[in-house]
Amino acid sequence: MERSGESPPVLKEQAILETYFQCLSKLAHDKAKDIIEREREAAKNRASLLWSSTLHLLTTLATSEKEFFSLVFLSPNLGSRILGRKDALRTTYGCLLTELRKIESINKTVASKTGAGTELGIDLEQLLGQLSGQLQHYIIARINTIAFYEQVLAASSKVQSSLRELLATISSIGQSCQTSIQHPILSCLKDAFDMECGSLVHLLTAQRCIQHLQFLPALRSLYDAHLKLASWASNIGLKEVKKMSFVSASSKTSAPELYEWMARFKSLLVAKFSLIFYEILSQQGPHNEIKSLQSKTYIDFYGRIVAFLRKSDAVSVSLMLNRSDFGGLFPGLGYQLPKTEDSDSSMLPEHDDSLFVFSHPPEKPDKHWPGLLTLVTRKSQELNSDRLVTYYDEKFQSSYFLIRFDPGIILVVIYEAKKQDRDNYITNFLQTTANDLRCSKIYSMLKPGTKS
């Protein structure tokens, strides 16, 4: 007889399920699979059909999760060799969803015939029925994340990806899973999924804030992403989690490919943030200290620009802001005091439609502004298509090279001499830097085997 105040005995099968899902949440997929394989072997002569079916399903789930986090489904050639055919992983998750619905249906049928039982067999069937219903939400979310990562990879080849759409998609997937899964055995899996989706939400939010030149929101989102990734790293037991820093992530970890990609994405955004807001950051400490921090970023954009100028005879490399792309209003970089009735609507002169948010050397080439403004207006179609624009101004005896990397932000190289339109050194610098800054390269690195 059960003593008063004591918890009811835990089913052996329940303990197995709890351990299995804990391993799955820690991305210990092989260990999770071994737990189920041992139980299948031990119970092959005595297990019920429902329990046997569940064990087979969980084995497939562990294998599918391992393949998912390796990102092989994003490489058609590699995926077809490993998984057997194109879209095999999505199909496997679809089959798992079908099997879970069958188990849930069988449990409802048994429950309607037997009523609420107290025997261990009936308790196990009830448990499996509850889990199968809840686990369906996770499988649906996983199928949706497969589509999401395919969408991110496809965005790497687009002229301008829709961050708003990507952010809305992953936010919806994460929120749906959080509200739908309530069973305590699956809480660890739900928390791990929140770390994955939450990291992405913070990263994409940071990218969008940087695009809109929102200093504090971008900084906050980058720090939130850092904390989320650090929590995820701790959860999956990365050996070098202590070496992670806000500026860059350790490159020598045993993390799965998806986590490694997110860590690189965060580090790239920190590097981009450091360039876009260089003027603000340079006021926060000695020049050598800021330069040292810049050199530790995933891509040292400032160092790359300095090296380019050293090898080239360019007079300036700048980031030019086209204020018209910001609705005609741009109060300036950094934190702005709340406006009052007496404050100006803009900190910039009304006639300045564009300005340089970064320039090296620091002396901004003001005399070139009128020509650049005219060029940006006349070549807006080419710039909006992310094409490289070149122009020689005979009046100023100057050559201009422009390429847009974000809506409203243009990378500009100025020469006070006539240069060839297709100078390989110049065009390679501009195109490589623009691709890095627009994050299209990091998106493409989701595909396994892509060079960093």
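Sequence positions, counted from 1, serve as the residue numbers for this chain.
Aromatic ring centres of His29 and Phe69 lie closer together than 6.0 Å. A centroid separation of 6.0 Å or more is found between the aromatic rings of Phe401 and Phe429.
Separating the CD1 atom in Ile173 from the CD atom in Gln178 is a distance of 13.0 Å, to the nearest 0.5 Å. The CD atom of Gln294 lies 5.5 Å from the OG1 atom of Thr297; values are rounded to the nearest 0.5 Å.
With a 6.0 Å radius and a threshold of 12 heavy atoms from other residues, nucleotides or ligands, Gln420 has its CD atom at or below the threshold. Counting non-hydrogen atoms of neighbouring residues, nucleotides and ligands closer than 6.0 angstrom, the NZ atom of Lys33 reaches no more than 12 such neighbours. Shown here is Lys364, whose NZ atom has more than 12 heavy atoms of other residues, nucleotides or ligands within 6.0 Å.
Arg142 and Glu196 are joined by a salt bridge, as a carboxylate oxygen and a charged side-chain nitrogen come within less than 4.0 angstrom of each other. Checked for salt-bridge contact, Lys266 and Asp224 miss the test: no charged N lies under 4.0 Å from a carboxylate O.
Side-chain N or O atoms of Trp261 include one that pairs as donor or acceptor with a backbone N or O of Ile442 at under 3.5 Å.
The closest side-chain heavy-atom distance from Leu58 to Leu17 is below 4.5 Å.
Phe358 pairs with exactly one of Phe277, Phe301, Tyr278 by the ring pair (Phe, Tyr, Trp, His ring centres under 6.0 Å) rule, that one being Tyr278.
Ring orientation note: the planes of Phe265 and Tyr443 are nearly perpendicular, at an angle over 60° on the 30°/60° scale.
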